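Remember, it's a predicted structure, so these values are computed and weren't measured experimentally. Sequence lines set the chain letters: A, B, ... in the order given, protein chains first and strands last, and positions in each chain run from 1.
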Amino acid sequence: MNSREIRSKFLTFFKEKEHKIVPSAPLVMKDDPTLLFVNAGMNPFKEFFLGIARAEHPRVADTQKCLRVSGKHNDLEEVGRDTYHHTLFEMLGNWSFGDYFKAETIAWAWEFLTEVCGISKDQLYVTVFEGSEDEDKLEMDQEAYDHWKKILPESRILMGSKKDNFWEMGDQGPCGPCSEIHVDIRPEAERKANPGAELVNRDHPQVVEIWNLVFMQYNRKADGSLEPLPEKHIDTGMGFERLCMVLQGVSSSYDSDLFVPIIREIETISGVSYGKAEDTDIAIRVIADHIRAVSFAIADGQLPGNTGAGYVIRRILRRAIRYGFSFLGMHSPFMFKLVDVLTRIMGEAFPELKAQRQLIVNVIREEENSFLKTLEQGLSLLDQTLKGTQGKTLDGEKAFELYDTFGFPIDLTSLILRERGYSLDQAGFEKSMQAQKDRSKAASEINRDDWVQVHQGEGSQFLGYDTLEAEARLIKYRKVESAKDGERYQLVFDNTPFYPEGGGQVGDKGYLEASNGNVTYILDTVKENNEILHITKNLPKDTKAEFRAVVDEQQRKRTASNHTATHLLHQALRKVLGTHVEQKGSAVHSNYLRFDFSHFAKLSEEELEEVEAFVNARIAEKLPLEENRQVPVKEALAAGAMALFGEKYGDTVRTVRFGKSIELCGGTHVANTADIWHFKITSESAIAAGIRRIEAISSDAARDFYLEAGTTLEALKGILKGSKDPIKAVSQLQEENAGLRKELEQLKKERAGNLKEDLRSQIQEQAGVNFLLKKVDLDAAGMKDIAFQLGGEVDNLFLILAADQGGKALLTCYISKDLAADKGLNAGQIVRELGKHIQGGGGGQPFFATAGGKDPGGIPAALEAAKAYL
RNA sequence: GGGGAAUUAGCUCAGCUGGCUAGAGCGCCUGAUUUGCAUUCAGGAGGUCACCGGUUCGACUCCGGUAUUCUCCA
């Protein structure tokens, strides 16, 4: 069975059991600050399990793309070393939100594996939670055990510990026991000799867990205690890559049809065959795995970058390049060539790959180029460092510096060292690394106190589309502490007009007014798990009071204006440049907006003007806001709304329309485009291959921009004596200035030449020394110039020049090098001595030195004293 | 968010602990040579040493700030 069939059989199977089949949510979690990427099938449904939202359909099944780069079982550095770990994987899952429970889940899982997939029953083992003796005092999961007992012999039902068989999402929230299904795919002879039961959960590469069935039945409270959930849920996850491995009769997921075509392509490109040597095999697996992760991330809008999620993607890509570089001899970009074969394998199940193919290729190629450049630079730095190294061990700190500052991978460093007969001070490196980690940790440490419940009730009804003021009661609050901000409070209200940061738009600021008149300022508003958190510096004195929550109107107005302008900009770009333009990110602040989009070239002056004019024309049309807050995604798309990545199943969405611009958007907007007043692009730049960025301003900021420009122009005209064409006037001035400057330079040269001749004629000779002690009218640079010129023309020269420049005394001493050496003279020393007469000091080299002082009156004395050196 | 680093000629970079009147290679211009294929030689133009401020007799060099870029950690 090929992978495509397996995936579709799973979905069809659950469709027949009345499940709603939904598409995979995007890899990048837009609304969850606690997660960079979806790392488990249940992430997109978290709010249903937490009870914050209600699922539209109680039974759902899907395949969810997941990305794991860290965690107890999956360290990025380990992927590829073995034959079964992956960064990106698909999780097949079926879900029940308060609907069916253990009986159906167990029966269906068994039916699917044995009957649909045809896995032999005696290769399967299951585990059941054994209970716990700790403070939770949990009983064994007898219910699950009984269901399993009906379908397989008790000898194949194993007891699992709390660590393996009790699943928790975090410190708090829904949790429960789980049952895992393991499959033993060792050859029959081995299976007979050594029963698989003993190998379950022992990290054996061929006795593996393929399906985890989680029975959510408890809620872990803040104090650590457990209470039964009113509604029980099912959360299952089956590793798709492992399932393919099992059903295709191979012993590694890398040998399944999900990976083989990619590996073949790598062989073709590199000329290295898979299966020949351990080193190259690891490299090939790393590359095959990582190209998937990187491509999917880019398809979902996550570009490589140097912070957060973008940095994770960059690291994954660079790790693959590194392996290619070191073990397959790939010294020029190659990863981007794999995107085509990946799209062929998975493009059907994940159409975003097909849609974004060109962008993925461009971005990866560009990243490869820039990293190869970093490597080249690092190689020469390493060479240099080694030249300065005594002995045969490279200092750990130096290696860390190469890594930390110049991005040169440590494993490459140690590889090269080994080749050249050096060794690496690993301990020193680790120490520096730890210090760096500690620094970062200390800077970003956040302490969150427990939530304090104030009033009962549902939280976070958002009223901000309609009003900027509302009566609000505090539901709960907590204290958070960070090194950066110090103490802050997070407040959740029953109602709020405050818009939480999201969709690129910044959170609202404003204040709370208690009934007794006390005011508390709200510094920012954010969203977490669909709850709206208001951030304050202080807690209101009376938390139980009735509050009036008031949003800062001016800030909100400006932000709304920028947000609407962003939509119009998006529309304008598609109109002017073409429909390949897609939003890749946006930031809507109160004083400016930023919009990133896919486009292959720099925008010309004309295009920018056209875009600006288009937006301003929509503003002039006075288009009213037409919003619809409850539209099913499908309908919205059918109406032509621009779908961005980040939407997931189950949402009814809000559409925002101004004339022909329709977008899915949760942000706040102006009531009419006329409120924007004016739109002005301030910059256009590249941020990655195939991605451009436009920054712009609108409303008050645009007005200020023009006011300031006007003021500057008026001032300029004033200076230019009311010239009608200041541009011409200034360029004329510039030309004139350049001409004058040249002329002046010429004159200076002449004068210096004359002065030089004059001085030269005054040089006296005494005992073979040509000397001159003279006060001149030159600045320090001029004296230096003359001194060097004379020095070049006159042998055995001893020259001291003095000058009085604006009340400061300057001395310059030049002694021909031969003379200085013969007579043991030192200009630096002389000048220091003479400096005393002008109340100053100085120094320099033996043949040339300068001094400066406060007393020009001492110049004659200094010159007199200089005679002593002759 | 926190650290480290870089910014010098059109390009790639050197310039050690402050003082050698800012250099190299490539490219460009001029001339000669050659015109058997990345020729050779001679000469030349081109730099507010990112920007602002400070220390100093003197700053490309030291200190502080700003901007941009790179990089690591979270």
Can you tell me if [X] touches the phosphate of [N], counting only side-chain N or O atoms and a distance under 4.0 Å to OP1 or OP2?
X: A:Arg318; N: B:U71; answer: yes
X: A:Tyr403; N: B:C73; answer: yes
X: A:Tyr311; N: B:A74; answer: no
X: A:Lys784; N: B:C20; answer: yes

Shortest side-chain distance from [X], nucleotide among [options]:
X: A:Thr374; options: B:G3, B:A74, B:U71; value: B:U71
X: A:Thr850; options: B:C57, B:A74, B:A5; value: B:C57
X: A:Arg314; options: B:C72, B:U21, B:U71; value: B:U71
X: A:Phe788; options: B:C57, B:G3, B:C20; value: B:C20
X: A:Thr405; options: B:A74, B:G2, B:A5; value: B:A5
X: A:Phe847; options: B:A5, B:C20, B:G2; value: B:C20

Looking only at atom [atom1], what distance separates [N] and [M], rounded to whole Å?
N: B:A14; M: B:G47; atom1: C1'; answer: 15 Å
N: B:U55; M: B:U61; atom1: C1'; answer: 14 Å
N: B:G27; M: B:A45; atom1: C1'; answer: 13 Å
N: B:A9; M: B:C52; atom1: C1'; answer: 24 Å
N: B:G10; M: B:C16; atom1: C1'; answer: 29 Å
N: B:G58; M: B:G1; atom1: C1'; answer: 42 Å
N: B:C60; M: B:C13; atom1: C1'; answer: 15 Å
N: B:A22; M: B:G64; atom1: P; answer: 26 Å

Along RNA chain B (nearest heavy atom to each residue), the more 5'-positioned of A:Phe400 and A:Lys808: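 Residue closer to the 5' terminus by nearest nucleotide: A:Lys808.
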
Upstream residue (5' side of RNA chain B) when A:Ser370 and A:Ala849 are each assigned their closest nucleotide: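 Mapping each residue to its closest nucleotide by heavy atoms, the 5'-most match is A:Ala849.
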
What is the distance, rounded to the nearest whole Å, between atom [atom1] of [X] and atom [atom2] of [N]?
X: A:Lys854; N: B:G58; atom1: NZ; atom2: P; answer: 13 Å
X: A:Gln377; N: B:C13; atom1: CD; atom2: P; answer: 6 Å
X: A:Ile815; N: B:C20; atom1: CD1; atom2: P; answer: 16 Å
X: A:Leu317; N: B:U71; atom1: CG; atom2: P; answer: 12 Å
X: A:Ile410; N: B:C73; atom1: CD1; atom2: C1'; answer: 15 Å
X: A:His837; N: B:C57; atom1: NE2; atom2: P; answer: 18 Å
X: A:Met783; N: B:U21; atom1: CE; atom2: P; answer: 16 Å
X: A:Ile859; N: B:C57; atom1: CD1; atom2: C1'; answer: 13 Å

Is [N] paired to anything, Watson-Crick or G-U wobble with both distances less than 3.5 Å, and if yes, which nucleotide?
N: B:G25; answer: B:C11
N: B:G53; answer: B:C63
N: B:U69; answer: B:A5

A:Tyr814 ring center near A:Phe798 ring center (under 6.0 Å):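 No: the rings miss the under 6.0 Å criterion.
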
Can you tell me if [X] and [Y] form a side-chain donor-acceptor pair at under 3.5 Å?
X: A:Asp438; Y: A:Gln434; value: yes
X: A:Gln436; Y: A:Arg439; value: yes
X: A:Gln829; Y: A:Glu833; value: no
X: A:Asp289; Y: A:Thr87; value: yes

Side chain proximity check, A:Val480 to A:Arg478, heavy atoms < 4.5 angstrom: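 Side-chain contact under 4.5 Å: yes.
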
Hey, does [X] reach any base, or is it just sugar-phosphate, or nothing, if we go heavy atoms under 4.0 Å?
X: A:Gly841; answer: base
X: A:Gly843; answer: base
X: A:Gly407; answer: sugar-phosphate

Salt bridge (Lys or Arg N to Asp or Glu O under 4.0 Å) assessment of A:Glu367 paired with A:Arg314: CA-CA 8 Å; A:Glu367 275 289 312; A:Arg314 174 168 284 169; 2.9 Å; yes

Salt-bridge contact A:Glu77-A:Arg319 (side-chain N to carboxylate O under 4.0 Å):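 Looking at A:Glu77 and A:Arg319, the cut-off is met.
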
